[in-house]
Amino acid sequence: MRIEGKEYRTIWFENNIVKIIDQTKLPHQFVIKELKTINDAINAIKIMEVRGAPLIGGTAAYGLALAVQENNDPEFIKKSAKKLIQSRPTAINLKWAVDRMIKKLTGINSDQLLSIALNEAKEICDEDEKFCENIGINGLKVIEEIYNKKKDTVNILTHCNAGWLATINWGTATSPIYHAHKKGIPVHVWVDETRPRNQGANLTSYELNEEEIPNTIIADNTGGILMQRGEVDMCIVGTDRTLSNGDVCNKIGTYLKALAAHDNNVPFYVALPSSTIDWDIKDAKDIPIEERNSEELSHVEGIDESNEVKKVLIYPKKSKAKNLAFDVTPAKYVTGLITERGITVASFDGLKKLFK
Ligand code: MRU
């Protein structure tokens, strides 16, 4: 998608270097960062220069290719894979991508390892782009149906950033929105700010602005009253891990939005590529929920009048804070899962029909 009119993907390989858009600098600065080593890739995932489940997967794939470029000894590659998987625990795409890379590299002659690793990393990214485009084509039907009934702007609420910046391109939750906009359907997006890291305000609103899609940032607690007032036609969110029973793990606060949507008969859709399905974990209690540094809550970053980036403390100095990064929305609150193969009910049978 576009930034200042120029088309980008979120990650690419050029002159033996992986390039990413540094998301910790957005929306105030647009910085392309170079990842040259496996440790650069691990660090980028940890400190969220790249984030969003599919992009974490793409970065892990390229990270492993960087590891091969550094040292193609099988032990080093194996250790690198392990470190990558540990870099962020919740998004299943990370492990999925690393496992796929390792499978591809197993039994390959050392002189071919690098080219195969780079090809596979590119393949993982190209595939994600295609899948996200298809999510958009499938999800467009839902927006179109609402528009055909309403004959007026479709108001869509989204949480966190499941936009193109969280994937390779198109996004998951935003892809149906981009497709609707391209088709001339009037859409307006309620963007949950998404404390504490403000991925909604800093990234979703930013990318929608760049594509000229009308959007309004709201505080995370505003969605409920908007739904009660009939000002939300549907919700679409992304996911970091969807269990085979349809339970959806996503950014903290998603569950509360789903409850409000359920109470107000607002359809609540989750958009995901199949790489986000966890076929192994059966019980949501077993999903590793990332707990991040409480400084993300107690401090906020922004620019001052002279455009300088500043970080300030907003909590009482003696207060403790707890920063859980994800929650789980039970399948019963999910109207449908929008995937690259179609839309299904959030259930084992629904997912199995599409994917197994
Ligand atoms: O902590 P983040 O910013 O990586 O969390 C991202 C989300 O929760 C997204 O909704 C999810 O990864 C889906 S991205 C298409």
Side-chain angles (χ1 to χ4, degrees), residues 1 9-11 20-24 26 44-60 87-97 125 128-129 131-136 139 157-178 189 191-207 220 235-242 248-258 268-278 287-293 296-297 323-329 334 337-340:
M1 306 299 286
R9 298 213 309 183
T10 51
I11 187 165
I20 56 161
I21 298 168
D22 181 351
Q23 300 193 21
T24 60
L26 291 173
I45 294 171
K46 273 191 181 158
I47 65 169
M48 294 174 67
E49 288 169 343
V50 287
R51 27 71 49 207
L55 179 57
I56 291 173
T59 310
S87 57
R88 278 194 86 190
T90 303
I92 189 70
N93 302 59
L94 176 51
K95 182 173 181 307
W96 169 87
C125 291
D128 186 70
E129 181 173 22
F131 284 2
C132 286
E133 187 179 2
N134 287 341
I135 287 169
L157 185 141
T158 190
H159 191 68
C160 193
N161 173 260
W164 76 269
L165 289 166
T167 64
I168 306 303
N169 212 342
W170 289 106
T172 58
T174 55
S175 187
I177 298 170
Y178 289 133
V189 185
V191 178
D192 278 355
E193 180 189 32
T194 319
R195 284 279 293 146
R197 290 188 68 103
N198 297 338
Q199 290 96 324
N202 291 350
L203 305 174
T204 306
S205 182
Y206 170 80
E207 63 164 88
D220 292 329
C235 303
I236 318 184
V237 300
T239 165
D240 287 81
R241 191 185 290 242
T242 289
V248 168
C249 180
N250 191 47
K251 181 53 54 195
I252 193 85
T254 303
Y255 171 49
L256 291 178
K257 267 337 107 67
F268 189 89
Y269 284 91
V270 178
L272 68 149
S274 48
S275 49
T276 309
I277 304 169
D278 183 339
I287 299 175
I289 300 288
E290 179 178 18
E291 182 161 356
R292 294 186 63 86
N293 196 316
E296 290 182 349
L297 277 160
N323 186 12
L324 293 175
F326 299 93
D327 61 25
V328 180
T329 299
V334 177
L337 300 172
I338 307 173
T339 77
E340 74 269 17

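This is a predicted model, so every value here is computed, not measured. Each ligand, and each atom within it, is numbered from 1 in the order the structure gives.
Among Leu272, Val334, Asn250, Ile92, the one residue that satisfies the side chain to side chain contact (heavy atoms under 4.5 Å, CB included) test with Thr242 is Leu272.
Scanning for ring-ring contact (aromatic ring centres under 6.0 Å, His included) contacts around Trp170 gives His179, with sequence neighbours left out. Listed by chain and residue number, Asp192 satisfy the salt bridge (Lys or Arg N to Asp or Glu O under 4.0 Å) test with Lys257 (two or more places apart in sequence, or in another chain). Looking at residues two or more places apart in sequence or on another chain, you find a side chain to side chain donor-acceptor pair (under 3.5 Å) between Arg197 and Glu296.
Between Asp220 and Arg195, no side-chain nitrogen of the basic residue sits less than 4.0 Å from a carboxylate oxygen of the acidic one, so the salt-bridge criterion is not met.
Side-chain atoms of Ser274 and Glu340 include a donor-acceptor pair closer than 3.5 Å.
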In a simple table, one pair per line, please give the protein and ligand 1 atom names for every N or O pair closer than 3.5 Å, along with the distance.
residue, atom, partner, partner atom, Å
ligand 1, 1 (O), Arg88, NH2, 2.8
ligand 1, 1 (O), Lys251, NZ, 2.7
ligand 1, 3 (O), Arg51, NE, 2.9
ligand 1, 3 (O), Arg51, NH2, 3.1
ligand 1, 3 (O), Gln199, NE2, 2.8
ligand 1, 4 (O), Gly52, N, 3.0
ligand 1, 4 (O), Arg88, NH1, 2.9
ligand 1, 8 (O), Asp240, OD1, 2.9
ligand 1, 8 (O), Asn250, OD1, 3.1
ligand 1, 8 (O), Lys251, N, 3.4
ligand 1, 10 (O), Asn250, OD1, 2.7
ligand 1, 12 (O), Ala53, N, 2.8
ligand 1, 12 (O), Asp240, OD1, 3.2
ligand 1, 12 (O), Asp240, OD2, 3.0

